[in-house]
Undergrad: 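What follows is a single structure, and I will ask about it in a moment.
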Amino acid sequence: MSQPFRIISRSFSSSAVRQSVIKNVTIIGGGLMGAGIAQVAASTGHNVVMVDQNDEILSKSKANIAKSLQRVVKKKFAEKPQEGEAFVSDVLNRLQTNTDAVDSVKNTDLVIEAIVENLDVKKQLFAALDKAAPQSAIFASNTSSIPIKEIAVSTSRLDRFGGLHYFNPVPMMKLVEVIRIPETSDETFNSLLSFGKAMGKVTVNCKDTPGFIVNRLLVPYMMEAVRMVERGEATPQDIDTAMKLGAGYPMGPFELTDYVGLDTCKFIMDGWSQKFPDNPLFAQSPLLNKYVAEGKLGNKVGEGFYKTKK
Ligand SMILES: CCCCCCCC(=O)CC(=O)SCCNC(=O)CCNC(=O)[C@H](O)C(C)(C)COP(=O)(O)OP(=O)(O)OC[C@H]1O[C@@H](n2cnc3c(N)ncnc32)[C@H](O)[C@@H]1OP(=O)(O)O
Ligand SMILES: NC(=O)C1=CN([C@@H]2O[C@H](COP(=O)(O)OP(=O)(O)OC[C@H]3O[C@@H](n4cnc5c(N)ncnc54)[C@H](O)[C@@H]3O)[C@@H](O)[C@H]2O)C=CC1
C-alpha cells in the first residue's frame, strides 16, 4: 500500500564538504537485509518506505522488524519499558510499505536496493527507478558481490550512484562499507558516508573491487570451509567449534552460511566463478550447489547445513 511521507531534500555546502541531507529513504527489498536496513534507518529518525513484491512478504518483513525491535528495546530501555514502547511506536510510524517500487521513489532522497543478488534483475529495477526518482536522489546498492559500476550503468546518474554494503544482522553489526565508482561525485560520496554515520554505523571506504573489503576475505574463508567438508577432512560441527573456540569467531562458517542464506552464497559464487574462472578461491562448490538444489537455503527455511528453527 502506498502511504504519504514527508519530503525534506536539500543540499548545503561548507568550505570543506558538500553533501545532501538525507531524510527520506526508500529500501527496495524487504528480505533479511532490506528489513534490517529499514529498521535501523527508521530507528535513527529517517522516513522509510520499504518495498517488496507483495503485501504478504511485506507483512512478514514488518513482523520480523517488530520482533527485532523488541530485542533492541529489551536491552536499550531495560529500566524504562514505557519509553521503549514509545520508541517502537515512533519507529513503526516512520516505516511505510509499498509494493510499487516506481511509485515509492517519487519523493525520495536515497534509494537503497537490497533485492536478489542478480545483476540483470538489479539493472532492470534501477533503470525503472531512474526515470521516476527526483534528479537529486542518490541510488545505492547493498550488493554483496556485484561490481557497483555494472549496476549503475543502467541509470543516467552515475555521479549519484554508490554502494552501501551492510552486514547481517543489520541492527547488531556496526559496519557499513561505502563504495564509490570513478563517476561518484564527492557530494554523493560524502552524503553516503554521513548517512551511514547517521544510522549509527562505522563507515569504511572502499573502491569497487570484488567483494569490497569484508567479503573479499570472508567468502574465500567460508568456501574453503565447505571444501574441507567436501574433501572429508572435518565435519561442519567440528569446523564451527574450531573457528569459534580457536579463532574467536562469534559463529562458525557453517552457522554463518546458514545465517546468510545458502542461496545468496550460491548467487555470489555463480557470479564470481563465471567472472574469474582461473581463481581457485572463487570456484563453484558441488556441496553448496547440492544443498541449494534441495531447497536447504539455511535459517530462512529452517534447514541448511544444520536444521534450525524457522
Ligand atoms: C560463501 C559466501 C558467503 C558470503 C556472505 C556475504 C554476506 C554479506 O554480504 C555480508 C555479511 O553480512 S556477512 C555476515 C556478517 N555477520 C556476522 O558475521 C554475524 C556473526 N554473528 C554475530 O556477530 C553474533 O552471533 C550475533 C550478533 C548475530 C548474535 O549474537 P550472539 O551470538 O551473542 O547470539 P544471541 O544470543 O542470539 O544474541 C545476543 C543478543 O544480540 C541481540 N540480537 C541478535 N540478533 C538480533 C537481531 N536480529 N535484532 C536485534 N537484536 C539482535 C539481542 O539483544 C540478543 O539478545 P536476546 O534478544 O536476549 O537473544
Ligand atoms: N544475506 C546476507 O547476509 C547479506 C546479503 N547482502 C545482499 O543484500 C541483497 C539482499 O539479500 P537478502 O536480504 O539476504 O535476500 P532475501 O532473499 O532475504 O531478500 C530479497 C528480497 O528482495 C525481494 N525482491 C526480489 N526482487 C525484487 C524486486 N524486483 N522488487 C522488489 N523486491 C524484490 C524478494 O521478494 C525478497 O524479499 C543481495 O544483493 C545480497 O547479496 C548483503 C549483505 C549481507
Side-chain angles (χ1 to χ4, degrees), residues 26-40 43 50-54 56-58 60-61 64-76 78 97-102 104 112-126 128-129 141-146 151 163-177 211-227 243-244 248-272 281-282 284-285 288 297-301:
T26 307
I27 317 288
I28 317 275
L32 216 48
M33 294 306 291
I37 298 166
Q39 176 186 330
V40 179
S43 297
M50 178 173 66
V51 178
D52 211 303
Q53 303 184 90
N54 60 52
E56 200 189 331
I57 301 176
L58 285 168
K60 273 193 204 143
S61 309
N64 286 339
I65 290 174
K67 230 189 282 171
S68 173
L69 279 172
Q70 288 306 332
R71 297 176 83 179
V72 171
V73 297
K74 199 174 75 186
K75 298 233 154 68
K76 198 170 165 188
T97 57
N98 197 335
T99 52
D100 182 343
V102 166
S104 75
I112 304 174
E113 167 275 312
I115 66 168
V116 62
E117 187 73 345
N118 177 301
L119 176 60
D120 290 337
V121 183
K122 287 185 193 289
K123 281 173 77 173
Q124 207 180 343
L125 172 74
F126 274 118
L129 301 185
S141 175
N142 180 54
T143 176
S144 294
S145 63
I146 300 172
I151 306 171
L164 282 175
H165 184 226
Y166 294 85
F167 295 84
N168 179 27
V170 184
M172 297 301 294
M173 303 303 283
K174 294 194 167 57
L175 186 70
V176 57
E177 294 175 325
F212 317 125
I213 298 173
V214 172
N215 285 348
R216 183 64 182 81
L217 298 170
L218 188 63
V219 173
Y221 151 73
M222 287 166 71
M223 291 311 298
E224 189 56 17
V226 177
R227 289 190 192 99
M243 293 313 291
K244 285 190 287 187
Y249 284 44
M251 287 176 176
F254 294 93
E255 288 169 334
L256 189 56
T257 305
D258 279 357
Y259 196 67
V260 164
L262 273 67
D263 48 347
T264 298
C265 296
K266 178 167 160 53
F267 284 132
I268 296 171
M269 295 317 294
D270 286 349
W272 284 6
L281 293 177
F282 301 157
Q284 290 268 354
S285 151
L288 178 67
L297 305 183
N299 295 0
K300 62 175 109 174
V301 298

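Everything numeric here is computed off the predicted structure, so don't read it as measured data. Numbering of ligands and ligand atoms starts at 1, following listing order. In what follows, every heavy atom counts, from backbone to side chain, and hydrogens, waters and symmetry copies are set aside.
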Undergrad: If you measure every N/O of Phe167 against every N/O of ligand 2, is any gap under 3.5 Å?
TA: no
Undergrad: Do Ser68 and Gln39 pair up side chain to side chain, a donor and an acceptor below 3.5 Å, judged on atom types alone?
TA: yes
Undergrad: So, 4.0 Å and heavy atoms of Gly261: is ligand 2 close enough to count as a contact?
TA: no
Undergrad: Show the distances, to 0.1 Å, for all pairs joining an N/O atom of ligand 1 and a protein N/O atom that are shorter than 3.5 Å, listing one pair per line.
TA:
| unit_1 | atom_1 | unit_2 | atom_2 | d |
| --- | --- | --- | --- | --- |
| ligand 1 | 9 (O) | Ser144 | OG | 2.8 |
| ligand 1 | 9 (O) | His165 | NE2 | 2.8 |
| ligand 1 | 9 (O) | Asn215 | ND2 | 2.8 |
| ligand 1 | 12 (O) | Asn168 | N | 2.9 |
| ligand 1 | 16 (N) | Asn168 | O | 2.7 |
| ligand 1 | 49 (N) | Ser68 | OG | 2.7 |
| ligand 1 | 54 (O) | Lys75 | NZ | 2.8 |
| ligand 1 | 56 (O) | Lys75 | NZ | 2.8 |
| ligand 1 | 58 (O) | Arg71 | NE | 2.9 |
| ligand 1 | 59 (O) | Lys74 | NZ | 3.0 |
| ligand 1 | 59 (O) | Lys75 | NZ | 3.4 |
| ligand 1 | 60 (O) | Arg71 | NH2 | 3.1 |

Undergrad: Could you tell me which atoms of ligand 2, counted from 1 in the order shown, lie closer than 4.0 angstrom to a heavy atom of Asn168?
TA: 3 (O)
Undergrad: I need the atoms of ligand 2 closer than 4.0 Å to a non-hydrogen atom of Gly31, numbered in the order shown.
TA: 13 (O), 18 (O), 19 (O), 21 (C), 37 (O)
Undergrad: So, regarding Val51 and ligand 2 (criterion: nitrogen or oxygen to nitrogen or oxygen, under 3.5 Å), is there a contact or not?
TA: no
Undergrad: Which atoms from ligand 2 have a heavy atom of His165 less than 4.0 Å away?
TA: 42 (C), 43 (C)
Undergrad: Show the atoms of ligand 2 that are less than 4.0 angstrom away from any heavy atom in Thr143.
TA: 39 (O)
Undergrad: Can you confirm whether more than 12 heavy atoms, excluding those of Gln124, are under 6.0 Å from its CD atom?
TA: no
Undergrad: Just which atoms of ligand 2 are under 4.0 Å from any heavy atom in Gly29?
TA: 22 (O)
Undergrad: What atoms of ligand 2 come closer than 4.0 angstrom to any heavy atom of Lys122?
TA: 38 (C), 39 (O)
Undergrad: Does any N/O atom on Ser144 come nearer than 3.5 Å to any N/O atom on ligand 2?
TA: yes
Undergrad: Tell me the closest heavy-atom pair linking Asn168 and Leu32, and the distance in Å.
TA: ND2-CD2, 3.6 Å
Undergrad: Atom 20 (C) of ligand 2: which protein heavy atom is closest, and how many Å away?
TA: Ala114 O, 3.9 Å
Undergrad: For atom 39 (O) of ligand 2, which protein heavy atom lies nearest, and how many Å away is it?
TA: Glu117 OE1, 2.5 Å
Undergrad: Backbone N or O of Ile57 within a donor-acceptor pair of the Asp52 side chain at under 3.5 Å?
TA: no
Undergrad: What residue and atom, counting heavy atoms only, is the protein's closest point to atom 4 (C) of ligand 2, and at what distance?
TA: Met33 CG, 3.4 Å
Undergrad: Heavy-atom contacts with Lys300 under 4.0 Å: which atoms of ligand 2 show up? List them by number with element.
TA: 17 (O)
Undergrad: Between Glu177 and Phe167, does a side-chain contact (heavy atoms from CB on, under 4.5 Å) hold up when you go through it step by step?
TA: CA-CA 9 Å; Glu177 294 175 325; Phe167 295 84; 3.6 Å; yes
Undergrad: Heavy-atom distances under 4.0 Å are what count here, so tell me which part of Ile57 touches ligand 2: side chain, backbone, both or neither.
TA: side chain
Undergrad: Give me the atom names and distance for the closest heavy-atom approach of Ala101 to Leu125.
TA: CB-CD1, 4.0 Å
Undergrad: Could you report the tightest heavy-atom contact between Leu58 and Asn98, atom names first, then the distance?
TA: CD1-O, 3.5 Å
Undergrad: With atom 34 (C) of ligand 2 as the reference point, say which of Asn142, Asp52, Leu32 has the nearest heavy atom.
TA: Asp52
Undergrad: Quick test of your reading: applying side-chain hydrogen bond (donor to acceptor under 3.5 Å, both in side chains), list the pairs with at least one residue in residues 261-270, sequence neighbours left out, ordered by first then second residue.
TA: Asp263-Lys300, Lys266-Asp270, Lys266-Asn289, Asp270-Gln284
Undergrad: Note the single closest protein heavy atom to atom 22 (O) of ligand 2, along with its residue, its atom name and the distance in Å.
TA: Ile115 CA, 3.5 Å
